[in-house]
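Owing to the predicted nature of the structure, the values given are computational and were not obtained by experimental measurement.
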Amino acid sequence: MWWGVGAALLANVLYSAGFVLEKRALGALPEVTVRRPARLLRLVLGSPLWIGGSLALAAGFAAQLVVYRTLPIAAAQGLFVSGLVLLVLLSARLLGEETSGRERYALGAILLALLMVVLSLRESGADADTVGRDAPYPLILLVCVPALAAGVWLYSSAERNARHRHRLPTTGVEYGVAVGLLYGVSSLAVKGVSGHLTAGVGASAVALLRSPYPYLLLFTGAFGLVMSQAALQRCRASLIVPVCTTVTCLFTAVLGTLSFGEELPDEPLRLALRVLGTVLAVTVLLAMPKHDTAPRSPATPRS
C-alpha cells in the first residue's frame, strides 16, 4: 500500500512540474489553436522546454501505473488531487500567477482531503482494500464514449463563447471540465492497462490489443494534447489544471470504482473518511471563479 502512496505523491510532483514547464514554454510561442493542430504540434515540438514538460508528464504516467496496481481507484484519486497544492505553489513561484483568497482556502481543504483519504486506507486484514484488475469491455465503452463526446462538445462550445467580443476573460473552467473528461477516460484506460501487466510480455500485449484500453489512450492522448495546450496557453495554469484534475478524479473515482468492481470500506469510520475526503476535494472545483480578474501572468502570450 505504501508503495502506492509514494508513487501517487511522485506522480503529483511530475505532473505539476510538467504542466508548469509546458505553460512556461507556451508563453514564449505564438498563439496556438485547436483549429490548426498540425501547426500546434510543430510549434510545441520545437520547444525544448515544452519537451521537458511532456517528459515529466510521461514519467508521471508511469508512476500512475504503479498506483493503480496497489491502491483502490477512489483512494488513488484522493491522493492525486493533493498535487493541486504543489501546482498552485509552482505556478505562483515560476509563472507569477497570483491566487485569490478563495483559492488559498481551497488548498487547505485539499490537504485535509488528502489526510482523510490516507487514513481510510488499510493494507491487510479482513477489511483490506480490494484492487480491481479488469472491467467488462461493454461497460467501459458505455462509460467512456459518452464522456469523450461530452468533452469534445463542451470544449467546442467554450471556444465559440471565447470568440465573442466584450466577453470577460475566462478562467478556463469550461476548458478544464472538457479536458478533465478526456483525462478521466484516459485514467480508466491506464487502470485497465495496469490490470493486464500480470502475464508475460507477449501475452500481455495480445490481451491489451484485444481490449479497448490502448485505443482509448490513443484517442485521449491525441485530442487531449491539442485541447489542453491551446487551453493552457490562454488560461492560468493555477486555475485550469485544478479544475481539470478535480473533474478527472471525480469521474475516475465514481465510475472507475463501479466499473472495476472495487468495494468501498465496510467500517463506518473508514467509509466516512473516504467519502468525505472525495467530497471535500470536489469543493476545489466549486470554489473556482468563472471569470478571471487576476492580472495576466508573464508567461501568457500577447496576441
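Counted within 6.0 Å of OH on Tyr183, heavy atoms from surrounding residues, nucleotides or ligands total more than 12; the atom is thus considered enclosed. Annotation for Arg36: atom CZ does not count as buried by contact number, only 12 or fewer foreign heavy atoms lying within 6.0 Å.
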field: Residues Ile140, Leu216; criterion side-chain contact (heavy atoms from CB on, under 4.5 Å); working and verdict
entry: CA-CA 10 Å; Ile140 288 293; Leu216 290 173; 3.9 Å; yes

query: Would Tyr215 and Leu209 count as a side-chain contact (heavy atoms from CB on, under 4.5 Å) if you check the C-alpha gap in whole Å, the side-chain angles of each, and the deciding distance to 0.1 Å?
result: CA-CA 8 Å; Tyr215 312 105; Leu209 292 175; 4.0 Å; yes

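Relative orientation of the Phe260 and Tyr213 rings is parallel, given thresholds of 30° and 60° on the angle between their planes.
Using a 4.5 Å heavy-atom cutoff, the side chains of Val143 and Phe251 are in contact. Within the 4.5 Å cutoff, the side chain of Ile240 has heavy atoms near those of the Leu232 side chain. Counting only heavy atoms from C-beta outward, the side chains of Leu217 and Val193 approach each other to under 4.5 Å. Contact of the Tyr137 side chain with the Arg210 side chain is not registered, since no non-hydrogen atoms from C-beta on lie closer than 4.5 Å. For the pair Leu57 and Phe19, the minimum side-chain heavy-atom distance is below 4.5 Å.
Atom CG of Asn12 is separated from atom CG of Leu87 by 10.0 Å, given to the nearest 0.5 angstrom. The CG atom of Leu26 sits 11.5 Å away from atom CD of Glu31, with the distance rounded to the nearest 0.5 Å. To the nearest 0.5 Å, atom CE of residue Met227 and atom SG of residue Cys244 are 9.5 Å apart.
Looking only at distances, a side-chain donor or acceptor of Ser54 sits under 3.5 Å from a matching main-chain atom of Ile51. A donor-acceptor pair is defined here as one N or O able to donate and one able to accept, closer than 3.5 Å; such a pair exists between the side chain of Ser156 and the backbone of Val152. Side-chain N or O atoms of Ser194 include one that pairs as donor or acceptor with a backbone N or O of Lys191 at under 3.5 Å. Side-chain atoms of Thr70 come within 3.5 Å of backbone atoms of Val67 as a donor-acceptor pair (strictly under, hydrogens ignored).
When hydrophobic clusters are built by joining Ile, Leu, Val, Met, Phe, Trp and Tyr residues whose side-chain heavy atoms come closer than 4.5 Å, directly or via intermediates, Leu218 is not grouped with Val226. Residues Val66 and Leu10 do not share a hydrophobic cluster, defined by chaining ILVMFWY side chains whose heavy atoms lie under 4.5 Å apart. Residues Leu21 and Phe61 are members of separate hydrophobic clusters, defined by side-chain heavy-atom contacts under 4.5 angstrom among Ile, Leu, Val, Met, Phe, Trp and Tyr. Linking Ile, Leu, Val, Met, Phe, Trp and Tyr whenever their side-chain heavy atoms come within less than 4.5 Å puts Leu65 and Leu55 in one cluster.
Gln229 and Val32 get closest at one heavy-atom pair: O-CG2, 4.2 Å.
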